[in-house]
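Following: one structure in structure tokens, then a few remarks.
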Amino acid sequence: MRKLLFILILSGISLITDAQNMLSGINLNRITPDGWLLDMMHLQESHFSGKMDNYGFPFTQGGWGSKPFLRNKNGKMEGFWVPYEQTAYFYDGILRLGLLLRSDSLINKSRKAIYNTMAKVSPEGIIEPTLASGDMCRWPHSVFFRAWMAEYETTKNAEILSSLKRHYENDTIQYFGRDLCNIETLAWLYRVTSDKYFKDKALSLANNEFSPNQSLKAALEQFASADRTEIHTVTFLETLKIPVFFYEFTGDENYLKMVDNALKKIDFYNMLPDGVPSGEEGLSGNTSRNVHEMCDVVDYMWTCNYMLRATKKPQYADRIEAALFNAGMGGITKSFDAHQYYTACNQVVCSNHSSHISTYDNSRMAYRQIHRPPCCTGNLNRMLPIYTGSQWFEGPECSLYKMLYGPGAVEHIIDGKIVKIREKSNYPFGNKVTLSVEQGNAKFQLYLRIPSWCTNPKISINGKQIKQQAHPGTLFCLDRQFKRGDIIELDFPKTAQYERWDTDAMVLRYGPLLMALPVDGQVNQIDVLTPKLQKESYKGYTMEASSRWNFILGIANEADTNFVIDEKALPLGSNPWTTKESPLKIRVPAFYYKNWTYDYRIIECEGGEKIIVPVTPALPERGSMIYALNGLQAEAIELIPYGRTTLRISMFPFWKQNDIPSEVLATDNPQ
């Protein structure tokens, strides 16, 4: 019966009319970042996004609207989808970043690609490049068209709509696999134009092949089933948003349940403590040895954004912020001049040879300006703009939703008049968030997300605490006349909580922040040169631990409360991710375990030379700790937010034989 219902849904047979209650994103030129968000975006522009088209292929060539990307296949030159995907990520990211920063330089680079591409369509109106059929030939378009959507939402240029309409009306390619992500663009076009053609075309694609001998609707059914999903992680995360659009077309909530079930299954099999599912190209496990790509971080946030808009459930905002604050920030240098392709919860060596996922390039865990392949490099440009653009949404009857927190302002338009609201906070550091009305006077409903991790939240307006209780994991509605000078104060207290992971590991969370032991490293800056692809070298770093990292937590289980929290308030406008000292530290009891040491791999270099290199080890076998702690003295180690670290341990072995004296955590000299 369940399978029959599913097929009826995907066939478009539904008595439910179109759903028009999805939240609407706010144009990025009406959002102004501030504080640490603004600081990190400026670092991104000056050290990463603004330089990328100068120092590495394919960003130096561009592809879209410029010199095409070609490859020689069986003696024939043909268009190649891979660099088009990578540059599509880049152009979408820098346009959104540019709109938020009001950076003409970034905006114009993306607009040049958009409008030059628009000028080079085929006589039938097909938007180039024309790639080989069956080889993800329309997948890059679905990525690049996100930049077109952002451009239209800013400029309302009707040429974008007409160009996209001609493209989809005349495209005869049979969409396959990731090509089906063009349903996202079709849904947007239907949303903007109300043209039923786009909805019908999108629904018809449910019957296309997703993989050999498997239709899209069959693949989505498998995603939502109890069976473990085995698939490329990016393909999974990108495809998982498609049911949201089918819900938007039909109003049938079974589509949303499908995505929710798939995410719950991912939580069980694949989720890592830093808030993003594993992706060693394909979905993998959830141990300290598993990793994920930077692409997984960004695409996961993007898909959760759609679920947040469709369901209005705060849990999806919880997912977005956990992904950014932990996996995202933990995968970049804090000057934003380099990033990892693979990021791990435990990493004490990040070098040209340190990736223990041996199937691929050994350098994928190093911090570099560009990785090979550069999909993660391109996609990273979208990370902070996605978070910032997901903070505010507009709903029915001029309602406004505050779903994510971070310093900055929004302009909410009601009957042509602007109500400007500014958030002042260092969120997620500290407990306080202040929203002040700086301009305007209007009556509307303001929905505030109460984070699920929050304990005993409090809301005050103009100095008076609201009597109605706000509950974690819900939306709190303020329905009132808002006027200039109004101040809304939010208090989101956090608690520290140990959490058992993968049976043998223990992690510590503090609100949305995963805590980690920062490992000092011997850091060397290197020049990376790929002669076949570029003339100039670009920056990279190698890092290897120079401080102790091999500790066993001295706790018995996740119910243990043996920790001491040291949190210092920072002035508003500070960047808590880059301050010399972490504003948040948590002391925990631990035992130094010298027998937990590096693993080693034999690497064969070019020319056939073999070298032995260190890599981050797995956790020690739990049974080995029965006697390991004999004679060891407990000491305090200090954990800081994961997103502040590069080298780190966040998944710890744990063991407790005897009570640890309270004075251990009171010491002034941890480690």
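In this chain, residues are counted from 1 in sequence order. Here the structure is a predicted model, which is why all the values come from computation and not from measurement.
Among F145, W148, Y152, the single residue meeting the ring-ring contact (aromatic ring centres under 6.0 Å, His included) criterion with W188 is Y152. Here the rule is side chain to side chain donor-acceptor pair (under 3.5 Å) with Y316, and of T311, D260, T303, N305 only D260 fits it.
Here E321 pairs with R449 in a salt bridge; the nearest charged N to carboxylate O distance falls below 4.0 Å. For the pair K334 and D39, the salt-bridge criterion is not met [side-chain N within less than 4.0 Å of a carboxylate O].
Side-chain contact of N286 with N270: a donor-acceptor pair under 3.5 Å is absent, judged by distance alone. D274 and H292 form a side-chain donor-acceptor contact under 3.5 Å, judged by distance and modelled atom types alone. If you check the side chains of N182 and S142, you find no donor sitting under 3.5 Å from an acceptor. A donor and an acceptor atom, one from each side chain of Q497 and Y510, are nowhere located under 3.5 Å apart. In the model, T32 has a side-chain atom that pairs as donor or acceptor with a side-chain atom of R102 under 3.5 Å. Counted by atom type alone, R422 and S436 present zero donor-acceptor pairs between their side chains at under 3.5 Å. One side chain, W302 or E184, offers a donor N or O that lies under 3.5 Å from an acceptor on the other.
Rounded to the nearest 0.5 Å, atoms CZ (F198) and CZ (R191) are 12.5 Å apart. Rounded to the nearest 0.5 angstrom, L435 CG and E489 CD are separated by 10.0 Å. Expressed to the nearest 0.5 Å, how far CZ of R480 lies from CD1 of I488 amounts to 7.0 Å. To the nearest 0.5 angstrom, Y405 atom OH is 10.0 Å from S425 atom OG. Rounded to the nearest 0.5 angstrom, I94 CD1 and E45 CD are separated by 10.0 Å. The structure places CE of M40 at 7.5 Å from CE of M383, a figure rounded to the nearest 0.5 Å.
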(message) As a quick check of understanding, evaluate side-chain contact (heavy atoms from CB on, under 4.5 Å) for T229 and Q222, giving each step before the final call.
(response) CA-CA 7 Å; T229 300; Q222 196 284 325; 3.3 Å; yes

(request) List the steps, then state whether side-chain contact (heavy atoms from CB on, under 4.5 Å) holds for V419 with Q439. (result) CA-CA 5 Å; V419 176; Q439 176 184 340; over 6 Å; no

(message) One pair to check against side-chain contact (heavy atoms from CB on, under 4.5 Å): Q465 and I459. What are the steps and the verdict?
(response) CA-CA 6 Å; Q465 184 173 325; I459 301 174; over 6 Å; no

(request) Could you please spell out the steps behind the ring-ring contact (aromatic ring centres under 6.0 Å, His included) verdict for F563 and Y498? (result) CA-CA 10 Å; F563 48 73; Y498 288 114; 5.7 Å; yes

(request) Please step through side-chain contact (heavy atoms from CB on, under 4.5 Å) for the pair T388 and M41, ending with a clear verdict. (result) CA-CA 10 Å; T388 306; M41 287 183 182; 2.7 Å; yes

(request) List the steps, then state whether ring-ring contact (aromatic ring centres under 6.0 Å, His included) holds for F482 with F444. (result) CA-CA 7 Å; F482 291 93; F444 61 93; 4.6 Å; yes

(request) Run the numbers on Y247 and Y255 for ring-ring contact (aromatic ring centres under 6.0 Å, His included), then give the verdict. (result) CA-CA 6 Å; Y247 160 75; Y255 290 119; 7.8 Å; no

(message) Pair K265, D267 - check salt bridge (charged side-chain N to carboxylate O under 4.0 Å, His left out), show working.
(response) CA-CA 5 Å; K265 184 168 62 173; D267 289 343; over 6 Å; no

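Proximity of L400 to E394: side-chain heavy atoms (C-beta onward) are separated by under 4.5 Å at one or more points. Between T579 and R644 the shortest side-chain heavy-atom distance falls below 4.5 Å. With a 4.5 Å cut-off on side-chain heavy atoms, V410 and Q391 do not count as touching. Residues M515 and L584 are in side-chain contact: their nearest non-hydrogen atoms beyond the backbone lie under 4.5 Å apart. For the pair L446 and Y401, the minimum side-chain heavy-atom distance is 4.5 Å or more. Counting heavy atoms from C-beta on, the side chains of F210 and L180 come closer than 4.5 Å. When side chains are defined from C-beta on, P451 does not count as touching P512, because their heavy atoms never get closer than 4.5 Å. In this structure, the side chains of W501 and M506 stay at 4.5 Å or more apart for every pair of heavy atoms.
Of all non-hydrogen atoms in H412 and S399, the two that sit nearest each other are CE1-O, 3.9 Å. Counting all heavy atoms, side chain and backbone alike, C345 lies closest to L272 at SG-CB, 4.2 Å. The heavy-atom pair separating F429 from P583 by the smallest distance is CD2-CG, 3.6 Å. Counting all heavy atoms, side chain and backbone alike, A323 lies closest to V276 at CB-CG2, 3.7 Å.
With a 6.0 Å radius and a threshold of 12 heavy atoms from other residues, nucleotides or ligands, E397 has its CD atom at or below the threshold. The local environment of CZ in R484 is sparse, with at most 12 non-hydrogen atoms from other residues, nucleotides or ligands closer than 6.0 Å. Enclosure of atom NZ in K264 is not indicated, since only 12 or fewer non-hydrogen atoms of other residues, nucleotides or ligands lie within 6.0 angstrom. Annotation: K424, atom NZ; neighbour count of heavy atoms from other residues, nucleotides and ligands within 6.0 Å does not exceed 12. Within a 6.0 Å radius of NZ in K196, no more than 12 heavy atoms belonging to other residues, nucleotides or ligands are found.
For Y427 and W36, the gap between ring centers reaches or exceeds 6.0 Å. If you look at Y190 and F245, their ring centroids are not closer than 6.0 Å. Between Y447 and F476, a ring centre-to-centre spacing not shorter than 6.0 Å is recorded.
Formation of a donor-acceptor pair under 3.5 Å by the K464 side chain with backbone atoms of I461 is not found in this model. Judged by distance alone, with hydrogens and angles left aside, the side-chain atoms of T239 form no donor-acceptor pair with the main-chain N or O of F236 at under 3.5 Å. R30 places a side-chain N or O within donor-acceptor distance of the main-chain N or O of E411, the cut-off being under 3.5 Å. Listed for the K458 side chain is no donor-acceptor partner under 3.5 Å among the backbone atoms of A470. Under the 3.5 Å distance criterion, the side-chain polar atoms of E567 are matched with a main-chain donor or acceptor of G430. Under a 3.5 Å cut-off, the side chain of S574 and the backbone N or O of P571 do form a donor-acceptor pair. R509 places a side-chain N or O within donor-acceptor distance of the main-chain N or O of P273, the cut-off being under 3.5 Å. In this structure, the side chain of K312 does not engage the main chain of M22 through any donor-acceptor pair within 3.5 Å. In this structure a side-chain-to-backbone donor-acceptor pair under 3.5 Å is present from K156 to E153. A donor-acceptor pair under 3.5 Å is formed between the side chain of T154 and the backbone N or O of A150.
Figure legend: R382 and Y89 shown without cation-pi pairing, the cationic atom not lying both under 6.0 angstrom from the six-membered ring centre and within 45 degrees of its axis.
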